[in-house]
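Everything on this sheet refers to the single structure shown next.
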Amino acid sequence: MKLNFANIEQEVKKLWAVKNIYRVENKSDKPKYYVLEMFPYPSGAGLHVGHPLGYIASDIYARYKRHKGFNVLHPMGYDAFGLPAEQYAIETGQHPAVTTEKNIARYREQLDKIGLSYDWSREFKTSDPKYYKWTQWIFLQIFNSWYNPETNKAEHISTLISKFETIGCSIKNQKSKIENSFSAAEWKSFSEKQQADILMQFRLAYLADAEVNWCEALGTVLANDEVVNGVSERGGHPVVKKKMRQWFLRITEYADRLLQGLETLDWSEPMKEMQRNWIGRSEGASIRFDLTPTLSKGEGAIQSPSNTEPYGYETTDAKTFEALKPIARELRKNQTETEEIIWEAVRNNQLGFKIRRQHAIEKFIVDFVCIEKKLVIEIDGEVHLKQKEEDAIRTEALNLAGFKVIRFTNEEVKNNLQVVIQKIKTALQSEATTPSPLERGQGVRSNEAGTSFNLSNGVRSVEVFTTRPDTIFGCSFMVVAPENDLVNQITTAEQKAEIEKYVAYVKSRSDLERMAEKKITGCFTGAFALHPFTQKPLPIYVSEYVLNGYGTGAIMAVPAGDSRDYAFATHFEIDKPNIFEGIDIAEKCYEEKTATLCNSDFLNGMDYKTATQKILQEIKAKNIGQRKINFRMRDAGFSRQRYWGEPFPIYYENGIAKTLPENELPLALPHVASYSPGPEGQGPLANIKEWTDKNLETNTMPGYAGSSWYFLRYMSPQEDKAFVNEEAMKYWGAVDFYNGGSEHAVGHLLYSRMWTKVLHDLGFINFDEPFKKMVNQGMIQGISMMVRNIPSISFDGGIYNPDSNKVENIISVFIDKGFLEKLPVDDILIHIPIDFAEFNGGKYYLTKEKLQELKNTHPRFGNVNFLTKEICSKLGIEAFEISEDKVELLPVVEKMSKSKYNVVNPDDMIAQYGADTFRMYEMFLGPIELSKPWDTKGIEGVSRFLRKFWNLFFTEDKLTLSDAEPTNEELKILHQTIKKIDADIQKLAYNTCVSQFMICVNELQAMKCNKRSILEPLLVLLNPFAPFITEYLWKEIGNKNSVIDAPFPTHDEKYLVENSFSYPIAINGKTRINMEFALDADAKDIETTVLADATIQKFMEGKPMKKFIFVKGRMINVVV
RNA sequence: GCCCGGGUGGCGGAAUUGGUAGACGCAGCAGACUCAAAAUCUGCCGUUCGCAAGGAUGUGCUGGUUCGAUUCCAGUCCCGGGCACCA
């Protein structure tokens, strides 16, 4: 009978459906096993052949585990919120819910064809309100928690509040993010807003300012993906960094636990390594370097009376403040009409910054001030001369105190409030800021993090983080990150212009560009700091190689011990003091930790360890720093100014973020008329009146919100009382086997680990790592066909005519490589659809016929032609031999994507070859963890294999199985195969499994084996790979149950024993001949026999034998 | 730039982790069957010298360790992924 896979698939699918074979119960006598693969984002392009790679791999494992007697949970769902659906909505006006639904239906249809053993009754999508109700609910739990450093876990915020109510808050004892300690009594005296602001500094989900990609022209925030070369992908408009109020998850509190937790996980070492590097724990010290007196003017800092901390944000001294307080209060009650207008427009962080009114600064009470931005806003009354003079003095004094002053008249405010607010906004954005916790580097453990300074006295010192405090005597300069606020404050008048130029240059560059920059760039600020031990002045530079988000955003540069510092010092001709005994640093620096220190005062003669201990003691004693653990990881931004995501169950009341009651969840996404951004660049929700009337949060959650906990939902997808049913959670526990692309190695995995830990800390689940075993699949890449095109004769342009110096004729020209040198232009490579390429003699071509077809079917290529003699002459190039029939294409291996026209659809493969062949071929391509290009050509081999396998069961059109006793040879190949398949499935080496199946079937075919005792176990072995054909044959040969419930065969070594081995015999490592010896033969006898052999004698060329190497069962080597 | 992974025939890859490099498959070549084609089967198939027997050479590149290196070490080049708002 001929193998008809289409019929078989039909029939087997029916059988599966009738018996509901993949339905999994939440209880069983069998041990549980949870297999999960990263669920897909349902894109409009449908699945391509790369997606199923991981699904098939997991499916094989899930089926294998089931054969091995486990109750296997193997679910699938959709990560359905995301940017592409929204972009599509913007372009076409179709609601993302509609397109997503359509895409999901298509995905499901495609997935169903592959024969995956999913329990589809557990399917869900993250964009379903029934699902995101619980995403919102979990967010509320995170919002309502803080990280208690004493218990080292998350706790409900109420435990923090009761602490404040009973003992207050001491920054010495707490890992506090706030500037000042307060007593219990003070806490109780704070307003609701003040209390809320303080609690916000502790919540695991909190609001803070962060920079976003802002595109003024589009009036919207752009994802990194949408920014190309500094301009928006859509339209090519400029993109700048802009601060916005955003939600964050305080994942940094979990840094240590995320790091330690890795040790307990069965993940590949590179994966763990990537996470370790992302978390980036480093031990070192924070050290304060005082600035030279010329800058701080020696005025000294105001100290808080209770401790040695400076008053971070105090704007005047205590005495003056007390004196001015009643006046300020009075003034607030009696605001002028104009002041009232402004106040209404700026209060409650409306402009993204806290603005205070009638506030004491130095000896003045100013109308409005943004302390954070050091900006004073004054409203001028009637203008007369005396007033003008007074205002000038006031402005100067405020300027001296470090404040910028902007003034508006009553008329301006009344007549054109918009303009006034815009001016304030501009001023707020351009002015210096005090570092927010974010800018200071969230990973910083100590409350003394950040560059410290005092408002009324200017900057006092620069604080650095270093991992090598032992090298401090090698420090010859300092570097501050360009975006660090310190820059504005310490730069001298002479250097101001140059620094501004440099900072502007850096701002125009993306982070990636900055990081990838090889060239050394930087600029001197004019300021100097004092070396804390030698008192030598150290010049302070600004350079892009110092990142503001890491450590304190400032470093002590040690050229002798750090390559970037070394390169910088060389470039700017800065002194490079050598501090390593016996090491020459004339050519390059020394980054190892093994040298002895010299030229280092009290550290001389010490090694790394001793010196580090010593210097830490010294800086502690001098009170200029301390040991510190720093993390590279930052808190996770959790807001998106988008529509298609989970709405936050948050509303605002008097500027305080408040939670919606649980019974109002889910807060459903409302329908919107358009997907354009809100008036201030907020998400589209800001355009809905009913939404803003309720003061609901207008941001939505990011893509990873839903995927951070989805693995829990599969356990009890219908549960409506909780995010997961407790019993189900206890039964299934953590995922045993998780599979997904390595491109998710950090982001998704870290966030879901964090969520799991939070849920665990709060007592909702009884495990704190989500994925016990993690497997990364490589990508299936596409082969793209690139054609060379000349840009000066481009799609949108025309032919450049040197005579008229104009571009004429709209035409595009594809050329061959050979013409390149002859043409006075550069080419660019353009993708053309892969199905238009013709393969001939090892090369790919685009023929004239195919070009015509391309032009007809793809309007984008409508104007394309091959280079002709005519065009050459128009370009003023001498005509040369041109083939006007075809051009050579350049095959390039890259990501499969619609825009690259290189997508291969699994449906086509399955229609042509069948699902089993498709599954096996995907596995046959190579190890799953490696990326490899898809090439349909090889699929024939697997297809042939399955036909051969099928034919073992049939003679002519009849199923003919024999019940005869198997021969030893037959048993041997069967048991070899069982052994290999069992071992290789566990190793996930599926490609070698397929090879072994082929070897096995080739041998059985040669033996003409049709014995049930051989073929029946083979059906079970092959089932995980080819579920359709095996299920069908299993039934055909008379079994009642599904093959999936048959136990996995076990191999018996007795069929595999060999008693002799053909040894390769090498002379000096070069294999010359093979000789057969019994495996139990005596080594001495073998040696005698080998040496007596004529061929061996010939190759030994009469030289005496030095050594005889005999490895039993492997090889023999004669050394002469 | 930094972190992770990978470079083996024309192509995908294998090699029991230091022991016969190229299993298995694709493509190619030759043959059988056939009126013919498809399908199927058999043989050959890294490069190079040689009619052959056989020899030399060969796992990105340069060195090192070893009786022996695709495998271990040092350096270097190239490709892929990630770098915090694509998913």
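Just so it is clear: chains get the letters A, B, ... in the order the sequence lines come, proteins before strands, and each one is counted from 1.
Heavy atoms of A/H744 sit under 4.0 angstrom from at least one base atom. Counting any heavy atom pair closer than 4.0 Å across all strands shown, A/P933 reaches no nucleic acid atom. Contacts of A/K1106 with the nucleic acid, taken as non-hydrogen atoms under 4.0 Å apart, are absent. Counting non-hydrogen atoms under 4.0 angstrom, A/K948 reaches the backbone sugars and phosphates but no base. When heavy atoms are screened at a 4.0 angstrom cut-off, A/S43 is found touching no nucleic acid atom at all. Residue A/S1062 is classed as a base contact, given a heavy-atom separation below 4.0 Å to a base. Here A/N776 lies out of heavy-atom contact (under 4.0 Å) with every strand. No engagement by A/R564 is indicated, since no non-hydrogen atom pair under 4.0 Å with the nucleic acid exists. The residue A/Q1005 sits close only to the backbone: its heavy atoms come under 4.0 Å of sugar-phosphate atoms, none of a base. Across all strands, A/V212 comes closer than 4.0 Å to base atoms (heavy-atom distances). Across all strands, A/G747 comes closer than 4.0 Å to no nucleic acid atom at all (heavy-atom distances). A/L925 comes within 4.0 angstrom of sugar-phosphate atoms only, judged by non-hydrogen atoms across all strands, and of no base. A/M38 comes within 4.0 angstrom of no nucleic acid atom, judged by non-hydrogen atoms across all strands.
B/U20 and B/U59 have their P atoms separated by 16 Å, with the value rounded to a whole Å. A distance of about 34 Å separates the C1' atoms of B/C24 and B/U76, rounded to the whole Å. Using P as the reference atom, B/G18 and B/G6 are 16 Å apart when rounded to the nearest Å. For the P atom pair drawn from B/C41 and B/A27, the interatomic distance equals 13 Å after rounding to whole Å. Look at the C1' atom in both B/G31 and B/C45: the space between them is 15 Å, to the nearest Å. Comparing B/U47 with B/C11, their P atoms sit 11 Å apart, to the nearest whole Å. The C1' atoms of B/G1 and B/C72 are separated by 29 Å, rounded to the nearest whole Å. B/G68 sits 43 Å from B/C83 when the C1' atoms are compared, rounded to a whole Å.
When each of B/C85, B/U20, B/C67 is scored by its nearest atom to the side-chain atoms of A/N224, the top-ranked nucleotide is B/C85. Of the listed nucleotides (B/C26, B/A15, B/G25), B/A15 has the atom at the smallest distance from the side chain of A/T992. Among the nucleotides B/A23, B/C67, B/C86, the one closest to the side chain of A/K1107 is B/C67. For A/W278, whose side chain is taken as the heavy atoms from C-beta onward, the closest listed nucleotide among B/A84, B/C67, B/C86 is B/A84. Comparing B/A23, B/G19, B/A21 by their closest approach to the side chain of A/T1071 singles out B/A21. Relative to the side chain of A/D935, the nucleotides B/C24, B/C26, B/C11 differ in distance, and B/C11 lies closest. For A/A223, counting side-chain heavy atoms from C-beta on, the closest listed nucleotide (B/G25, B/G68, B/C86) is B/C86.
Under 4.0 angstrom from either OP1 or OP2 of B/U20 there lies no side-chain N or O belonging to A/R1072. Contact check, A/R640 against B/C85: a side-chain N or O comes under 4.0 Å of OP1 or OP2. For the pair A/K1070 and B/U57, the criterion of a side-chain N or O lying under 4.0 Å from OP1 or OP2 is met. Close to B/G25, at under 4.0 Å from its OP1 or OP2, lies a side-chain N or O of A/N1002. Under 4.0 angstrom from either OP1 or OP2 of B/U40 there lies at least one side-chain N or O belonging to A/R947.
Less than 6.0 angstrom separates the ring centroid of A/Y921 from the ring centroid of A/W934.
Between A/L262 and A/R753 there is a side-chain heavy-atom pair separated by less than 4.5 Å. Looking at heavy atoms from C-beta onward, A/Y78 lies in side-chain contact with A/P40 at the 4.5 angstrom threshold.
When all heavy atoms of A/M38 and A/Y738 are compared, the pair lying nearest together is CG-OH, 3.2 Å.
Using a 4.0 Å cut-off between a side-chain N of Lys or Arg and a carboxylate O of Asp or Glu, A/E211 and A/R634 do not qualify as a salt bridge.
One interatomic measurement links the two molecules: CG of A/L249 to C1' of B/A84, which rounds to 13 Å at whole-angstrom precision. Counting to the nearest Å, the C1' atom of B/C24 and the CD1 atom of A/I981 are 12 Å from each other. Straight-line distance from the CG atom of A/N991 to the C1' atom of B/A14: 8 Å, rounded to whole Å. Per the geometry, CD1 belonging to A/I999 stands 18 Å off P belonging to B/G13, to the nearest Å. A straight line from CZ of A/R632 to P of B/G82 spans 15 Å, rounded to a whole angstrom.
By the side chain to side chain donor-acceptor pair (under 3.5 Å) test, A/N739 is found to be paired with A/S58, residues two or more places apart in sequence or in another chain being considered.
Inspection of the A/T992 and A/D984 side chains reveals an N or O donor paired with an N or O acceptor under 3.5 Å. In this model, no donor atom of one side chain and acceptor atom of the other lie less than 3.5 Å apart for A/S282 and A/N630.
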> So A/I56 and A/Y990, side chain to side chain contact (heavy atoms under 4.5 Å, CB included) or not? Walk me through it.
Replying inline: CA-CA 10 Å; A/I56 296 166; A/Y990 298 147; over 6 Å; no
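Between A/V1111 and A/A636, the one whose closest nucleotide on RNA chain B sits nearer the 5' end is A/V1111. Each of A/Y751 and A/G82 was matched to the nucleotide of RNA chain B holding its nearest heavy atom; the match closer to the 5' end belongs to A/Y751.
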Distances under 3.5 Å between nitrogen or oxygen atoms of protein and nucleotides 3-7 of chain B:
{"unit_1": "B/C3", "atom_1": "O3'", "unit_2": "A/N277", "atom_2": "ND2", "d": "3.0"}
{"unit_1": "B/C3", "atom_1": "O2'", "unit_2": "A/N277", "atom_2": "ND2", "d": "2.7"}

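A donor-acceptor contact under 3.5 Å is formed by the side chain of A/Q641 with the base of B/C85.
Separation of atoms SG (A/C1000) and NZ (A/K980) is listed at 13.0 Å; rounding is to 0.5 Å.
With a glycosidic angle no more than 90° from 0, B/U17 adopts the syn conformation. B/G12 has its base anti relative to the sugar, with a glycosidic angle deviating from 0 by more than 90°.
Nucleotide B/G28: paired with B/C44 (Watson-Crick or G-U wobble, both distances less than 3.5 Å).
Although no hydrogens or angles enter the test, the distance criterion places a donor-acceptor pair under 3.5 Å between the side chain of A/S708 and the main chain of A/Y704.
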